[in-house]
**Q** 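After the structure tokens below, expect a handful of questions from me.
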Amino acid sequence: MFRTDNDDVDQHVSTTLPVGEEVARLLRVAHERYRNLDDGAVADYIPALAKVDPKLFGISACSLDGETSDVGDATVPFGIESTSKAFVYALVTNALGHDAVKDKIGVNNTGMPFNSVMAIELHEGSPRNPMVNAGAIATTALMPGASPDEQWTAILAGLSAFAGRQLVMDDDIYESEMRTNQRNLALARLLQSYGRLDNDPQEMVDIYTRQCSLRVTAHDLAVMGATLAGGGVNPVTREKVVSPQVCRDTLAVIATSGMYERSGEWLFEIGIPAKSGVGGGIVAITPGKGAVGTFSPPLDEAGNSVRGQYAIAYLSRAAGLNVFASAARDGLRDHRAPKL
Ligand code: GLU
């Protein structure tokens with residue numbers, strides 16, 4: 001459950017991020033509040049992830065002006081994993097358009113774990129959602145390209161443009177995942193059996209695994225997120241990566257399903273569209289303001305970084321990032337409930 005431990009923090013409401021110095025201070029406070037929290041467990045179903053130091057903890061924020069603040073292990077690289085799904089979805093929607101991707105993949109929450117077979121079986125083979133593994137593999141397969149190599153090249157270039165630097169794969173994670181990838185392959189073959197995957201399942205799982213094995217930092221996630229917060233323009237490099245419409249679509253999708261089957265509760269308590277990954281990263285994006293990236297490997301049972309959730313919950317309140325929060329304006333008169 002999302003205990004947020006934040007009742008002592010005032011709900012700040014604003015239309016802009018606080019100025020850089022204040023953001024840096026809030027990041028330091030968040031880091032200090034939660035760095036000794038040791039709930040959760042490092043993902044171990046992918047052997048390479050089980051080796052990561054559970055003490056690592058970094059937080060980064062990026063504004064739409066490209067102003068960044070880092071605290072703790074914000075520049076330590078880790079596997080992007082499922083966080084890549086949000087950005088690949090954005091790239092594919094940018095290439096194919098809103099309706100094509102919506103019709104082929106769907107946008108509804110499955111309510112089931114990220115690697116569920118049942119979710120596909122219950123919906124006539126529809127992957128339902130681009131943030132679960134089946135939908136993400138199907139989304140990756142839609143990336144334009146004359147060959148799997150070309151598709152991968154386009155995905156790598158697009159994700160690197162989001163980050164504003166050339167991303168590279170972690171070969172150890174990639175090989176470890178490929179050795180233990182039977183379930184993803186089964187999901188891809190199941191989609192194929194329903195006529196929902198036109199490409200070769202093995203090749204598509206290979207590209208999907210590559211995208212999940214990319215090394216990023218919390219700082220990268222903040223810049224990538226801020227690109228989606230600012231209409232698709234990377235605020236650091238000023239490169240236009242995707243359209244504003246694609247940003248809106250992507251944020252809507254991650255709002256409903258970015259935090260695995262805890263997404264509803266996350267949105268209710270914290271109020272920021274976010275995507276997490278089993279590598280320990282979370283990116284939380286407030287449109288028009290900026291984004292926060294966190295990295296801390298121990299995860300809750302759903303697969304969300306525990307310290308990352310707490311840190312973002314704190315920043316949501318303290319920096320006014322909750323997209324649902326508004327301040328009361330002066331009322332003309334008080335509402336009176338009718339007398340019954
Ligand atoms: N590559 C991982 C998998 O397919 C990603 C899982 C995740 O981060 O949710 O299982």
Side-chain angles (χ1 to χ4, degrees), residues 40-52 77-89 105 109-117 119-120 127-141 152 155-156 159 167 169-191 197 201-216 218 220-221 224 253-254 256-263 266 274-284 293-306 308-309:
V42 173
D44 59 3
Y45 78 104
I46 298 169
L49 297 183
K51 296 190 292 194
V52 179
F78 59 93
I80 188 170
E81 297 297 344
S82 268
T83 313
S84 66
K85 292 170 179 168
F87 299 97
V88 172
Y89 172 79
I105 309 291
N109 196 322
T110 69
M112 291 187 196
F114 69 99
N115 55 4
S116 172
V117 169
I120 305 176
R128 287 288 274 185
N129 181 296
M131 298 301 127
V132 294
N133 285 11
I137 294 166
T139 303
T140 292
W152 168 239
I155 288 173
L156 180 59
L159 294 178
L167 297 177
M169 267 168 60
D170 184 314
D171 293 333
D172 198 22
I173 295 180
Y174 169 72
E175 277 152 29
S176 177
E177 285 202 43
M178 287 305 280
R179 274 198 305 276
T180 53
N181 233 347
Q182 295 78 7
R183 195 175 180 97
N184 284 338
L185 200 50
L187 291 172
R189 289 204 198 285
L190 188 57
L191 291 176
L197 188 69
Q202 197 133 12
E203 285 172 347
M204 294 308 110
V205 168
D206 181 68
I207 303 181
Y208 164 77
T209 307
R210 285 167 184 267
Q211 88 186 37
C212 287
S213 312
L214 288 172
R215 306 175 100 201
V216 290
D220 290 329
L221 289 184
M224 295 172 85
V253 167
I254 66 172
T256 63
S257 52
M259 300 296 280
Y260 304 106
E261 59 276 31
R262 295 267 171 89
S263 301
W266 167 270
K275 181 74 200 92
S276 63
V278 296
I282 303 180
V283 58
T294 61
F295 168 51
S296 172
L299 312 176
D300 66 13
E301 313 86 76
N304 300 307
S305 164
V306 175
Q309 292 179 74

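Positions are given from 1, in the same order as the sequence printed here. The structure presented is a predicted model; accordingly, all values stated were derived computationally and were not measured. Numbering of ligands and ligand atoms starts at 1, following listing order.
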**Q** Side chains of Ser276 and Asn304: any donor to acceptor distance under 3.5 Å?
**A** yes
**Q** Not counting sequence neighbours, list each pair that qualifies as a salt bridge (Lys or Arg N to Asp or Glu O under 4.0 Å) and has a residue in residues 172-189.
**A** Lys51-Asp172
**Q** Output, in order, the C-alpha distance, side-chain angles, deciding distance and verdict of side-chain contact (heavy atoms from CB on, under 4.5 Å) for Arg262 and Glu301.
**A** CA-CA 10 Å; Arg262 295 267 171 89; Glu301 313 86 76; 3.1 Å; yes
**Q** Classify the ring geometry between Phe114 and Tyr45 as parallel (under 30°), tilted (30 to 60°) or perpendicular (over 60°).
**A** tilted
**Q** Quick check on ligand 1: any N or O pairs to the protein under 3.5 Å? One line per pair.
**A**
unit_1, atom_1, unit_2, atom_2, d
ligand 1, 1 (N), Glu81, OE1, 2.6
ligand 1, 1 (N), Glu177, OE1, 2.7
ligand 1, 4 (O), Asn133, ND2, 3.0
ligand 1, 4 (O), Asn184, ND2, 2.9
ligand 1, 4 (O), Tyr208, OH, 2.8
ligand 1, 8 (O), Ser82, N, 3.0
ligand 1, 8 (O), Ser82, OG, 2.9
ligand 1, 8 (O), Tyr260, OH, 3.2
ligand 1, 8 (O), Val278, N, 2.9
ligand 1, 9 (O), Ser82, OG, 2.5
ligand 1, 9 (O), Tyr260, OH, 2.5
ligand 1, 10 (O), Tyr45, OH, 2.7
ligand 1, 10 (O), Asn133, ND2, 3.4

**Q** Would you say Lys85's side chain and Met131's backbone share a donor-acceptor pair under 3.5 angstrom?
**A**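 Here the side-chain-to-backbone pair exists.
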**Q** Taking atom types as modelled and ignoring hydrogens, do the side chains of Thr209 and Asn181 form a donor-acceptor contact shorter than 3.5 angstrom?
**A**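 A pair is found: one side chain offers a donor N or O, the other an acceptor, under 3.5 Å apart.
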